[in-house]
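Comments concern the structure below.
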Amino acid sequence: MSKVLKHHPALARLSAFEQAVLAVVRRVPRGRVTTYQELARAVGTPQAARAVGNALHKNPCAPAVPCHRVVKSDGALGGYGGGSPKKIALLSREGVQVRVGRVQQFGSVLFEF
DNA sequence: CTATTGACGACAT
DNA sequence: CATGTCGCCAATA
């Protein structure tokens, strides 16, 4: 039985905004990606793409909460707490190919809320 | 309360 | 196409 994942202790220490971001990113399916900007819109603050990135940076339970499926609005990779190589590997494992720092077939793998 | 920081975005160069 | 600048926002010092 997996013991974590239901309510990670560090999760309760996050702000409402940060928790909202993590809750939403959780619905991005395997093999798809979303963007910092889309997430910002989804939580009701369309201009907070940057703040969304900061929130994801604090994700205490990655990669269970799939913050690795979040990229920049132009399809560029974006950041990752565990390092770019790790993010690329996780995506690759789900069938999302990254070439020269860009998500291939960005338009078709992009998940819209 | 003000200042700084950062997994961003749009635009100019 | 690559890089720099500036604006935006929430968290934190």
Side-chain angles (χ1 to χ4, degrees):
Chain A
M1 291 291 280
S2 121
K3 56 192 188 68
V4 280
L5 265 66
K6 225 153 192 219
H7 42 333
H8 196 286
L11 211 61
R13 300 170 61 343
L14 300 178
S15 70
F17 174 79
E18 296 167 327
Q19 291 186 37
V21 170
L22 294 180
V24 177
V25 74
R26 203 167 166 296
R27 355 196 275 248
V28 180
R30 261 179 105 258
R32 308 291 298 283
V33 301
T34 186
T35 69
Y36 298 99
Q37 187 168 70
E38 277 296 306
L39 279 176
R41 291 189 184 119
V43 298
T45 56
Q47 309 308 106
R50 197 169 187 176
V52 165
N54 291 330
L56 292 178
H57 193 176
K58 297 184 179 179
N59 178 12
C61 35
V65 171
C67 57
H68 58 280
R69 298 182 189 142
V70 186
V71 301
K72 295 201 180 188
S73 63
D74 62 354
L77 188 60
Y80 191 64
S84 297
K86 187 70 180 175
K87 186 169 184 176
I88 294 172
L90 287 166
L91 288 173
S92 175
R93 175 186 292 193
E94 305 181 350
V96 177
Q97 297 305 103
V98 177
R99 293 295 188 236
V100 207
R102 290 207 132 247
V103 172
Q104 295 304 117
Q105 301 300 316
F106 182 52
S108 56
V109 298
L110 179 60
F111 175 76
E112 307 275 13
F113 290 102

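Chain A is the first sequence line, chain B the second, and so forth, proteins listed ahead of strands; every chain is numbered from 1.
A donor-acceptor contact under 3.5 Å is formed by the side chain of A:Y36 with the base of B:dA7.
Under the rule for a side-chain contact (heavy atoms from CB on, under 4.5 Å), A:A89 has no partner lying at least two apart in sequence or in another chain. For A:K72, the salt bridge (Lys or Arg N to Asp or Glu O under 4.0 Å) criterion is met by no residue, not counting sequence neighbours. Residues passing the salt bridge (Lys or Arg N to Asp or Glu O under 4.0 Å) test with A:R30: none are found, sequence neighbours excluded. Partners of A:Q47 by side-chain contact (heavy atoms from CB on, under 4.5 Å), not counting sequence neighbours: none found.
The distance between atom CG of A:L77 and atom P of B:dG9, rounded to the nearest whole Å, is 12 Å. Here B:dA7 presents its P atom at 17 Å from CG of A:D74, a figure rounded to the nearest Å.
Identified under the salt bridge (Lys or Arg N to Asp or Glu O under 4.0 Å) test for residues 103-113 of chain A, with sequence neighbours left out: none. Applying the salt bridge (Lys or Arg N to Asp or Glu O under 4.0 Å) test to pairs two or more places apart or on separate chains, those with a residue in residues 74-84 of chain A are A:D74-A:R102. Legend: side-chain hydrogen bond (donor to acceptor under 3.5 Å, both in side chains) pairs involving residues 51-68 of chain A, not counting sequence neighbours, sorted by first then second residue: A:E18-A:K58, A:H68-A:E94. The list of ring pair (Phe, Tyr, Trp, His ring centres under 6.0 Å) pairs with a residue in residues 90-113 of chain A, not counting sequence neighbours, reads A:F111-A:F113.
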Let me check something: any side-chain donor-acceptor pairs from residues 32-43 of chain A under 3.5 Å, sequence neighbours excluded? List them with distances.
from  : atom 1 : to     : atom 2 : distance (Å)
A:R32 : NE     : A:V109 : O      : 3.0
A:R32 : NH2    : A:L110 : O      : 2.8
A:T35 : OG1    : A:Q37  : N      : 3.4
A:T35 : OG1    : A:E38  : N      : 2.9
A:Y36 : OH     : A:G79  : N      : 3.3
A:Q37 : OE1    : A:R41  : NH2    : 3.2
A:E38 : OE2    : A:R41  : NH1    : 2.4

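For the segment residues 81-95 of chain A, the set of residues with a heavy atom within less than 4.0 Å of an atom of DNA chain C is empty.
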Any chance you could list the contact pattern along nucleotides 5-13 of chain C? Use B for base contacts, S for sugar-phosphate-only contacts and - for none, protein heavy atoms under 4.0 Å, 5' to 3'. --BBBSSS-
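A pairwise comparison of heavy atoms in A:V25 and A:C67 identifies CG2-CA, 4.2 Å as the closest pair.
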Return the polar atom pairs (N/O with N/O) between nucleotides 10-13 of chain B and the protein under 3.5 Å, or none.
from   : atom 1 : to    : atom 2 : distance (Å)
B:dA10 : OP1    : A:Q37 : NE2    : 3.4

